[in-house]
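Structure, as structure tokens:
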2 protein chains.
Amino acid sequence: MVKREKNNEKRTALLKATLSLVNNNGFHDAPMSKIAKLTGVSPATIYLYFDSKQDLINQLYVEVKASFCECAFNEYDESLPIKKGFEIIWKNIAHYKFKNIEEAVFLSQCDNTPMIDETSKEEGLKHLQPLIDLWERGKTEKIIKPISSYLLYAYTIYPLAFLMNMQKKDKNQLDENCLENAFQAAWDSIRI
Amino acid sequence: MVKREKNNEKRTALLKATLSLVNNNGFHDAPMSKIAKLTGVSPATIYLYFDSKQDLINQLYVEVKASFCECAFNEYDESLPIKKGFEIIWKNIAHYKFKNIEEAVFLSQCDNTPMIDETSKEEGLKHLQPLIDLWERGKTEKIIKPISSYLLYAYTIYPLAFLMNMQKKDKNQLDENCLENAFQAAWDSIRI
DNA sequence: ACTAAAAGAATGAACGTTCATTCTTTAAAT
DNA sequence: ATTTAAAGAATGAACGTTCATTCTTTTAGT
């Protein structure tokens with residue numbers, strides 16, 4: 001739903017405030033009034049940029065997911081060897097999750113909750129195709145186990161969400177060494 | 001908070017209705033009025049069994065988590081060899097998550113959301129100690145990688161949550177073969 | 001065993017508050 | 001002068017919770 005082109009700053013500020021509130025209070029305690037107050041605008045102004053609260057949260061999800069996926073394939077090249085290509089994507093994702101911890105926590109909350117429309121969720125998932133392609137290539141080259149992409153994702157990418165949540169709670173500090181161990185575990189779980 | 005001893009059925013029915021509503025609608029769209037209606041009682045009746053909505057959801061979380069952890073260590077014995085002991089616990093957990101998919105989805109929603117009090121969350125986490133002990137034993141016996149328990153959990157148990165969510169959306173059917181692959185991936189990621 | 005009184009459960013209606021959203025007015029930009 | 005952006009006030013609906021009251025069960029007195 002396209003509304004305004006002008007003053008994208010305000011729109012971005014609204015998205016940012018929403019992210020912060022949903023992260024800290026949960027969707028059930030992130031009312032429009034608080035979003036407006038935190039942004040420094042009137043509640044009515046939100047409706048110049050978004051159709052509804054649901055529209056706001058859906059757009060936020062899709063945009064954060066897009067920025068995540070864009071980051072994931074930075075410097076990735078399909079001609080790279082399987083393991084090297086996987087390592088680049090994996091580390092891109094890992095770095096995103098620990099540099100942009102608020103965004104990552106938000107995504108994990110969305111992915112485990114019915115708060116986002118199913119259609120928006122599917123839209124957000126499409127951008128990961130190059131990783132799935134890489135895995136398929138790895139399977140035919142007998143480098144990666146011949147198991148479903150869901151399994152491969154569950155054991156390589158998904159664990160990062162847990163580590164990140166622990167990181168946020170200061171339960172597990174993630175240094176370079178820990179990251180290397182994590183990558184090794186991911187790779188060991190799927191390599192033949 | 002101890003309230004009534006009598007008529008535990010109604011209390012259980014309230015918990016069950018809450019679980020179902022939160023799962024399908026999210027916490028933000030599971031009002032007391034709907035919980036009451038689904039249970040077939042008056043809204044006021046809820047407050048004979050629980051202090052508040054927050055108390056209701058906290059108690060639900062703690063009890064579901066407890067039943068999950070109880071199931072996890074069924075037939076487990078500390079004298080078992082590392083791999084066998086791990087396999088038993090892992091498969092217990094896997095079976096719980098796929099036999100009690102509603103409960104498991106609920107737990108994953110709670111664990112990724114600020115909807116549960118932090119104290120209740122910590123209470124729920126305590127019961128997993130035997131698994132951590134097993135891992136420690138595995139490390140000293142040089143069977144399991146010398147990495148933190150958070151990493152071990154992230155790569156062996158946490159992935160099941162993803163598989164289960166996919167299962168619920170009918171995206172990934174989990175047969176016995178897939179389960180075996182999943183266990184192998186889990187073990188491969190942490191064994192030396 | 002029967003009845004009356006007390007206690008415990010449960011209720012629907014109503015409370016004050018807060019919600020998402022809209023209406024009306026003002027300020028700013030063109 | 002006209003249009004657009006923003007604001008604040010206002011809206012009905014819905015929220016969590018409590019209220020006064022009524023059923024239902026238990027207790028006690030005969």
Side-chain angles (χ1 to χ4, degrees), chain A residues 1-61 106 109-110 113-117 120, chain B residues 1-61 106 109-110 113-117 120:
Chain A
M1 183 114 288
V2 181
K3 297 217 104 180
R4 292 281 174 290
E5 289 304 323
K6 297 225 174 146
N7 205 345
N8 232 328
E9 285 172 40
K10 203 161 278 184
R11 181 176 173 281
T12 309
L14 283 166
L15 290 171
K16 193 172 176 179
T18 305
L19 172 63
S20 165
L21 274 170
V22 170
N23 259 8
N24 294 313
N25 301 356
F27 187 45
H28 70 283
D29 191 24
M32 296 297 257
S33 55
K34 281 188 190 174
I35 294 171
K37 186 167 282 182
L38 186 58
T39 313
V41 300
S42 156
T45 305
I46 303 180
Y47 292 87
L48 298 175
Y49 296 89
F50 302 96
D51 285 336
S52 64
K53 190 182 181 186
Q54 191 63 53
D55 180 44
L56 166 59
I57 200 94
N58 283 342
Q59 287 200 36
L60 175 59
Y61 175 76
F106 175 75
Q109 194 172 335
C110 291
T113 279
M115 87 192 198
I116 302 291
D117 289 348
S120 297
Chain B
M1 183 112 290
V2 181
K3 297 218 106 179
R4 292 278 172 292
E5 289 303 322
K6 297 223 174 149
N7 206 346
N8 233 325
E9 286 172 39
K10 201 161 280 185
R11 182 177 172 281
T12 309
L14 283 167
L15 290 171
K16 193 172 176 179
T18 305
L19 171 62
S20 165
L21 273 171
V22 171
N23 259 7
N24 293 314
N25 301 357
F27 188 45
H28 71 282
D29 190 25
M32 297 297 254
S33 55
K34 281 189 190 171
I35 294 171
K37 187 166 281 182
L38 187 58
T39 312
V41 301
S42 156
T45 305
I46 303 180
Y47 291 86
L48 299 175
Y49 295 89
F50 303 96
D51 286 336
S52 64
K53 191 183 181 187
Q54 191 63 54
D55 180 44
L56 166 59
I57 200 95
N58 284 344
Q59 287 200 38
L60 176 58
Y61 175 77
F106 175 75
Q109 194 173 335
C110 292
T113 279
M115 87 192 198
I116 302 290
D117 289 348
S120 298

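Note that the coordinates shown come from a computational prediction; the quantities given were computed from them, not determined experimentally. Proteins get letters first, then strands, A, B, ... in listed order; numbering begins at 1 in each.
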Can you tell me the distance, in whole Å, between the NZ atom of B/Lys10 and the C1' atom of D/dT24? 11 Å
Starting from P on D/dG16, measure out to CG on B/Leu56 and report it in whole angstrom. 10 Å
For the residue pair A/Ala36 and A/Ser42, what are the closest heavy atoms and their distance? CB-C, 3.8 Å
C/dT22 P sits how many Å from A/Tyr47 OH, rounded? 7 Å
If you measure from CG on B/Leu56 to CE on B/Met32, what distance do you get to the nearest 0.5 Å? 5.5 Å
Residue pairs passing the salt bridge (charged side-chain N to carboxylate O under 4.0 Å, His left out) test with at least one member in residues 16-27 of chain B, sequence neighbours excluded, are none
By side-chain contact (heavy atoms from CB on, under 4.5 Å), B/Ser20 pairs with (sequence neighbours left out) B/Asn24, B/Leu38
To the nearest angstrom, the CD1-P distance between A/Ile46 and C/dC23 comes to 17 Å
Listed partners of A/Lys34 passing salt bridge (charged side-chain N to carboxylate O under 4.0 Å, His left out), at least two apart: A/Asp29
Just to be sure I understand the geometry, which residues of residues 14-28 of chain B put a non-hydrogen atom under 4.0 Å away from DNA chain C? none
Rounded off to whole Å, could you give me the CD-to-P distance for the A/Glu9 and D/dA6 pair? 11 Å
Near DNA chain C, counting only heavy atoms under 4.0 Å, which residues of residues 29-39 of chain B show up? none
Residues in side-chain contact (heavy atoms from CB on, under 4.5 Å) with A/Ser33, at least two apart? A/Pro31
Residue list, ring-ring contact (aromatic ring centres under 6.0 Å, His included) with B/Phe27, at least two apart or on another chain: A/His28
Is there side-chain contact between A/Phe50 and A/Leu15, with heavy atoms separated by less than 4.5 Å? yes
Atom pairs, N/O to N/O, protein against nucleotides 8-12 of chain D, distance under 3.5 Å?
unit_1 : atom_1 : unit_2  : atom_2 : d
D/dG8  : N7     : A/Ser42 : OG     : 2.9

Send over the distance from B/Lys53 NZ to D/dT17 P, rounded to a whole Å. 8 Å
Results of side-chain contact (heavy atoms from CB on, under 4.5 Å) for B/Ala13 - residues two or more places apart only: B/Thr39
Can you see which heavy atom on A/Phe106 is nearest to which on A/Tyr61, and at what distance? CE2-CA, 3.9 Å
Tell me: CG of B/Leu48 to C1' of C/dA7, nearest whole Å? 14 Å
Kindly write out the residues that satisfy salt bridge (charged side-chain N to carboxylate O under 4.0 Å, His left out) with A/Asp117, not counting sequence neighbours, or none if the list is empty. none
